[in-house]
Amino acid sequence: MSNSTDELFKNVISHAKEYGFVFQSSEIYDGLSAVYDYGQNGVELKNNIKTYWWKSMVQMHDNIVGIDSAIFMHPTIWKASGHVDGFSDPMIDNKVSKKRYRADQLLEDKIAAYDTEGKTDKAELLQTEMDTALKNEDLPRLRELIIAHEIADPNSKDKPDWTEVRQFNLMFSTQVGAIAGESETIYLRPETAQGIFVNYLNVQKSGRMKIPFGIAQIGKAFRNEVVARQFIIRMREFEQMEMQYFVRPGTQKDWFNKWKETRLKWHLALGTPEEKYRYHEHVKLAHYADAAFDIEFDFPFGFKEVEGIHSRTDFDLSQHEQFSRKKMQYFDPEVDPETGKPFGNYIPYVIETSIGLDRMFLLTMINAFEEEDLSTEERQDSRTVLRLHPCLAPVKAAIFPLTKKDGLPEKATEIMDKLKVNFNLQYEEKDAIGKRYRRQDAIGTPFCITVDHQSLEDNTVTIRHRDTMAQERVNADDLEKIIGDLVSWKNLLG
RNA sequence: GCGGAAAUAGCUCAGCUGGUAGAGCAUCAGUUUCCCAAACUGAAGGCCGCGGGUUCGAAUCCCGUUUUCCGCUCCA
């Protein structure tokens with residue numbers, strides 16, 4: 001990471017805090033690691049990103065509908081999805097080499113080594129001891145075994161100094177039921193997708209949906225990351241915008257490619273330079289996928305995943321059919337042109353598009369942030385401006401009386417009252433006009449409307465544009481249409 | 001989780017080898033100002049991250065702890 005990009009990232013973080021976008025959670029109690037709060041401007045920007053996504057996915061597709069499933073779900077769902085068994089690993093560190101390993105894998109390797117050496121008795125004994133320890137979640141015993149069998153650090157020749165074995169759990173658990181002892185352990189969802197899968201037939205039947213169709217959802221998910229860092233890139237509590245698209249088996253490849261392209265277009269429509277984005281293909285696929293691409297963004301610290309497009313096959317629905325013993329099949333009455341018969345009953349294949357809202361938020365801030373040098377020969381000058389797309393900007397317009405006397409504030413307030421039904425506005429009368437322009441630049445407000453003495457005479461005002469700093473004089477009665485056109489979703493979705 | 005660095009006013013930072021806590025910006029009350037920040041007057045704001053120790057005396061030295069940043073590690 002070069003110094004300048006390092007600086008950029010730091011500046012964006014402090015800007016985000018200073019102007020009410022993102023605060024550290026529980027800051028007055030020294031904070032809570034990897035948890036963040038969105039402030040007064042952050043929540044507006046975040047909501048606007050959600051709206052853009054929801055409109056483009058749900059409103060613009062007549063075969064995609066949304067749901068809002070609960071964060072609490074039946075614990076068996078996470079057994080079916082593979083999260084319970086797949087994400088609770090015993091971890092151990094070597095203090096000498098500073099490397100971290102999975103304790104069970106170190107032991108497995110040792111067992112394999114015993115086998116190749118022909119010491120099958122030793123191998124079998126260790127296998128049994130390890131299985132017992134794992135089953136009983138006896139973490140100290142795992143450490144004992146590692147030390148007793150003098151397991152070396154695979155990446156270091158020095159004698160290892162092992163830490164305690166710690167359990168790494170992906171999921172947060174909590175109790176349902178008011179009475180201790182009679183309660184049941186459930187999990188905070190680690191992904192929103194399962195809420196869609198377990199509801200897919202409810203939606204399909206109540207909405208009379210025909211394949212192919214999609215179900216969209218925006219919601220919080222929770223993951224206990226080993227190391228959560230880099231600001232809001234990796235948070236313990238985060239928000240996803242997911243859409244699961246249910247398709248006829250055999251057609252998944254086409255739909256996968258279609259969504260891959262559609263989703264990148266969604267990103268680029270915001271005006272982000274194309275070279276900032278790239279696809280990353282997963283070579284090693286997760287157990288449920290038959291194809292997977294990430295859309296990555298060029299963050300100051302390198303390309304990182306923002307969105308994943310995964311072909312999840314029929315894995316999840318099949319798992320739920322098995323675990324719930326309820327049919328997850330869809331009856332497809334359409335006639336297969338090849339056989340002349342209906343497609344009939346099948347478990348649909350699923351294409352998933354899943355975007356991290358918090359990462360999208362950060363990406364948007366980084367992309368928009370600019371420290372512009374406005375120096376002339378006479379004097380130095382600069383401004384910090386967030387060049388947010390007008391549709392995403394937290395405040396659409398600010399209204400200023402040029403001075404706070406001579407009836408200008410009254411006139412400005414009157415204009416504001418007419419417009420605030422349709423737009424999120426700010427009114428400011430304090431400080432020099434230039435200072436107020438700069439403050440609005442800093443939070444990305446695309447337009448500033450200034451009321452001056454001429455306004456009192458002919459009802460005209462000036463509109464000052466954030467990006468060019470150019471001004472034009474317009475009639476105050478036309479503002480609703482002018483601003484409405486400039487911030488219209490048509491500009492993004494049309 | 002390991003190693004390194006940092007933590008002083010809302011923000012950016014001074015504060016030397018221990019001796020009663022400082023500036024600029026921001027904030028608030030005024031003045032000035034007819035279109036692009038940092039003009040004038042005044043006010044307010046800090047248990048120097050938290051806890052302990054050394055000392056007559058600690059923002060300053062030592063230990064612990066929390067948080068953040070960087071590197072490693074981990075990552076569906």
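Throughout, a chain's letter reflects where its sequence line sits, starting with A, and its residues are numbered from 1. Just so you know, these numbers come straight off a predicted model, no measurement behind them.
Within 4.0 Å of A/K404, counting heavy atoms only, lies no atom of the nucleic acid at all. Nucleic acid contact for A/T450: base, since at least one base atom lies under 4.0 Å from a heavy atom of the residue.
As a whole-Å value, the separation of A/D441 CG from B/A37 P is 11 Å. Atom pair A/Y437:OH and B/C34:P shows a separation of 14 Å (rounding to whole Å applied). The interatomic distance linking A/E191 (CD) with B/A76 (P) rounds to 13 Å, in whole Å. Straight-line distance from the CZ atom of A/R436 to the C1' atom of B/U27: 17 Å, rounded to whole Å. Protein atom CZ of A/R464 is 17 Å distant from nucleotide atom C1' of B/C34, rounded to whole Å. If you take CZ of A/R234 and C1' of B/C70, they are 16 Å apart, rounded to a whole angstrom. Nucleotide B/C35 holds its P atom 15 Å from the CE atom of A/M469, rounded to whole Å. A straight line from CD of A/E429 to P of B/U33 spans 17 Å, rounded to a whole angstrom.
Comparing B/G18 with B/C47, their P atoms are spaced 25 Å from each other, to the whole Å. Nucleotides B/C16 and B/U31 place their C1' atoms 41 Å apart, quoted to the nearest Å. For the P atoms, the distance from B/A39 to B/G24 is 12 Å, rounded to whole Å.
The salt bridge (charged side-chain N to carboxylate O under 4.0 Å, His left out) search around A/R278 returns A/E296, not counting sequence neighbours. The salt bridge (charged side-chain N to carboxylate O under 4.0 Å, His left out) test applied to A/K435 returns no partner, not counting sequence neighbours. Residues forming a ring pair (Phe, Tyr, Trp, His ring centres under 6.0 Å) with A/H453 (at least two apart in sequence, or on another chain): none. Under the salt bridge (charged side-chain N to carboxylate O under 4.0 Å, His left out) criterion, A/R263 pairs with A/E307, not counting sequence neighbours. Contacts of A/F369 classified as ring pair (Phe, Tyr, Trp, His ring centres under 6.0 Å), with partners at least two apart in sequence or in another chain: A/H15. With sequence neighbours excluded, no residue forms a salt bridge (charged side-chain N to carboxylate O under 4.0 Å, His left out) with A/D37.
For A/H465 and A/F447, the gap between ring centers is short of 6.0 Å. Aromatic ring centres of A/H280 and A/F303 lie farther apart than the 6.0 Å criterion allows. Aromatic rings from A/F400 and A/Y437 are positioned such that their centres are separated by under 6.0 Å.
A donor-acceptor contact under 3.5 Å links the side chain of A/T462 to the base of B/C35. Donor-acceptor pairing under 3.5 Å, judged by distance alone, is present between the side chain of A/D452 and the base of B/C35.
For RNA chain B, the stems formed by at least three consecutive Watson-Crick or G-U pairs, with both atom-pair distances below 3.5 Å, span B:1-7 with B:66-72, B:10-13 with B:22-25, B:27-31 with B:39-43, B:49-53 with B:61-65.
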Please list, one pair per line, the donor and acceptor atoms closer than 3.5 Å that link side chains of residues 252-261 of chain A to other protein atoms, with sequence neighbours excluded.
unit_1: A/Q252; atom_1: OE1; unit_2: A/G250; atom_2: N; d: 2.7
unit_1: A/Q252; atom_1: NE2; unit_2: A/D290; atom_2: OD2; d: 3.3
unit_1: A/N257; atom_1: ND2; unit_2: A/K253; atom_2: O; d: 3.3

Acceptor/donor pairs from residues 351-361 of chain A side chains to any protein atom, 3.5 angstrom cut, sequence neighbours excluded:
unit_1: A/E352; atom_1: OE1; unit_2: A/Q244; atom_2: NE2; d: 2.9
unit_1: A/E352; atom_1: OE1; unit_2: A/R312; atom_2: NH1; d: 2.4
unit_1: A/S354; atom_1: OG; unit_2: A/E242; atom_2: OE2; d: 3.1
unit_1: A/D358; atom_1: OD1; unit_2: A/Y38; atom_2: OH; d: 2.6
unit_1: A/D358; atom_1: OD2; unit_2: A/E239; atom_2: N; d: 2.7
unit_1: A/R359; atom_1: NE; unit_2: A/I233; atom_2: O; d: 2.9
unit_1: A/R359; atom_1: NH1; unit_2: A/E305; atom_2: O; d: 2.7
unit_1: A/R359; atom_1: NH2; unit_2: A/I233; atom_2: O; d: 3.3

Could you list the protein-to-nucleotides 23-26 of chain B atom pairs, N/O on both sides, closer than 3.5 Å?
unit_1: B/A26; atom_1: OP1; unit_2: A/K435; atom_2: NZ; d: 2.8

Sub-3.5 Å pairs of nitrogen or oxygen atoms, protein against nucleotides 7-12 of chain B:
unit_1: B/C11; atom_1: OP1; unit_2: A/K17; atom_2: NZ; d: 3.3

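Distance from the side chain of A/H83 is smallest to B/A76 among B/A76, B/C35, B/C34.
Close to B/U68, at under 4.0 Å from its OP1 or OP2, lies a side-chain N or O of A/Q24.
Under the salt bridge (charged side-chain N to carboxylate O under 4.0 Å, His left out) criterion, the residue pairs touching residues 450-464 of chain A are A/D441-A/R464, A/D452-A/R473, with sequence neighbours excluded.
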